[in-house]
Amino acid sequence: MLHYLKQLFSDDAVSLGRENPAPDQRNAGDPNAIMRLGTLLFLISLTILFVVGLFTYLYLRLGSPSAPPSGHLEFPLGLWASTLVLLGSGLTVHRARACACSNDFPALNRWLGLTFGLSIAFIAIQLPSMMELLNAHRALLVRRYSGIYGMTLALIVIHALHVLGGMIPLSWLSYKAVKRTLGPQHQRLVRVCAVYWHFLEVVWILLFGTFLLTA
């Protein structure tokens, strides 16, 4: 993901085989500059959100006197499956970006479609897992334990909502590819989608890893 961020915010990036824009085009009014700044601020805000959520989870799990005993947390197997699916979508969005840079629009359409399909599978797999966590949360509350499963569920739901949000530009790009109307002007958006998707991958790995380590 750091590689993508470097290219996204680099002035040396080449856009679909076109030469770099002239220096007088790189100003505050440049749409690409605005997109870069907006992407950066958005990722920073999401990072803060998930960091605060993780610290809250760790407090409930490790610092709360009403937390369940160590070794008594169990997480649905569906979370493992959804992890594999999300990692797979990271590979497909990487290929989509490579195809965009090489002007291979037929292949770009295929890889965008695969990424969109895997994102749907990710949500579909996580839905029953969310229901299991909700039931576990209610059971722990009856036993007067802290709502650790509730916090876990909240973090997973927030992450899933951002996956759904990422599916919007993916579906739009896929539609443009089918209509054969993708052009050099869309390369930046493909790159932004790749950065965002890899960001969601990293966040999920950190979330799921924390859940497992503190179980």
Side-chain angles (χ1 to χ4, degrees), residues 1-6 8-9 37-91 93-94 115 118-119 121-168 192-215:
M1 190 183 73
L2 291 177
H3 171 71
Y4 290 127
L5 282 172
K6 181 180 178 181
L8 179 65
F9 299 109
L37 178 61
T39 302
L40 178 61
L41 294 176
F42 182 59
L43 293 181
I44 290 175
S45 64
L46 288 186
T47 300
I48 295 173
L49 172 66
F50 283 109
V51 167
V52 171
L54 269 179
F55 272 106
T56 304
Y57 170 88
L58 290 173
Y59 169 75
L60 290 175
R61 182 69 186 110
L62 305 176
S64 176
S66 60
S70 178
H72 282 66
L73 293 183
E74 296 181 2
F75 297 103
L77 292 178
L79 296 182
W80 288 96
S82 63
T83 300
L84 295 177
V85 170
L86 186 63
L87 293 177
S89 69
L91 293 176
V93 79
H94 170 77
T115 304
L118 288 172
S119 62
F122 176 80
I123 299 298
I125 293 173
Q126 285 212 330
L127 283 176
S129 298
M130 293 178 188
M131 294 305 301
E132 289 186 43
L133 290 172
L134 181 59
N135 293 332
H137 170 68
R138 291 171 175 170
L140 281 184
L141 290 182
V142 171
R143 297 164 60 184
R144 297 185 179 181
Y145 282 127
S146 65
I148 186 65
Y149 279 121
M151 189 63 205
T152 304
L153 176 61
L155 289 172
I156 292 176
V157 169
I158 292 173
H159 182 269
L161 289 175
H162 284 90
V163 171
L164 287 173
M167 291 169 63
I168 297 175
V192 169
C193 286
V195 170
Y196 179 67
W197 216 254
H198 290 304
F199 174 82
L200 292 178
E201 283 184 273
V202 172
V203 168
W204 176 252
I205 290 173
L206 291 176
L207 289 177
F208 192 41
T210 301
F211 297 156
L212 295 177
L213 289 175
T214 58

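Counting from 1, the numbers follow the sequence of the chain as shown.
A side-chain N or O of Y57 and one of T214 form a donor-acceptor pair less than 3.5 Å apart.
Within a 6.0 Å sphere centred on CG of L87, heavy atoms belonging to other residues, nucleotides or ligands number more than 12.
Side-chain atoms of T115 come within 3.5 Å of backbone N or O of V93 as a donor-acceptor pair. Within the 3.5 Å criterion, the main-chain N or O of E74 finds a donor-acceptor partner in the side chain of Y149.
At a threshold of 4.5 Å between non-hydrogen side-chain atoms, the residues R138 and N135 count as touching. With a 4.5 Å cut-off on side-chain heavy atoms, L86 and I205 do not count as touching. The side-chain heavy atoms of L49 and H162, taken from C-beta on, include a pair separated by under 4.5 Å. Proximity of S89 to W197: side-chain heavy atoms (C-beta onward) are separated by under 4.5 Å at one or more points. The side-chain heavy atoms of L207 and I156, taken from C-beta on, include no pair separated by under 4.5 Å.
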List the steps and the verdict of side chain to side chain contact (heavy atoms under 4.5 Å, CB included) for L79 and I125.
CA-CA 8 Å; L79 296 182; I125 293 173; over 6 Å; no

*Please step through side chain to side chain contact (heavy atoms under 4.5 Å, CB included) for the pair L212 and W80, ending with a clear verdict.*
CA-CA 11 Å; L212 295 177; W80 288 96; 3.5 Å; yes

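Note: L118 CG to L91 CG = 9.5 Å, rounded to the nearest 0.5 Å. The CG atom of L58 lies 10.5 Å from the CZ atom of R61; values are rounded to the nearest 0.5 Å. From L206, atom CG reaches atom CG of L54 across 7.0 Å, with rounding to the nearest 0.5 Å. Taking OG1 of T152 as the reference point, atom CE of M130 lies at 12.0 Å (rounded to 0.5 Å).
Taking the six-membered ring for Trp and the full ring otherwise, F208 and H159 have centroids separated by 6.0 Å or more.
Taking every heavy atom of both residues into account, F211 and F75 meet most closely at O-CE1, 3.1 Å. Contact between V163 and S119 at its shortest, heavy atoms only, is CG1-CB, 4.3 Å. Closest of all the heavy-atom pairs between G166 and Y196 is CA-CE2, 3.5 Å. Considering every non-hydrogen atom in both S82 and W204, the closest pair reads OG-CZ2, 4.0 Å. Residues E132 and P76 share a closest heavy-atom pair of OE1-CB, 3.6 Å. Between G78 and S129, the shortest heavy-atom contact is CA-OG, 3.4 Å.
Checking L46, I44, V51 one by one against I48, the side chain to side chain contact (heavy atoms under 4.5 Å, CB included) holds for a single residue, I44.
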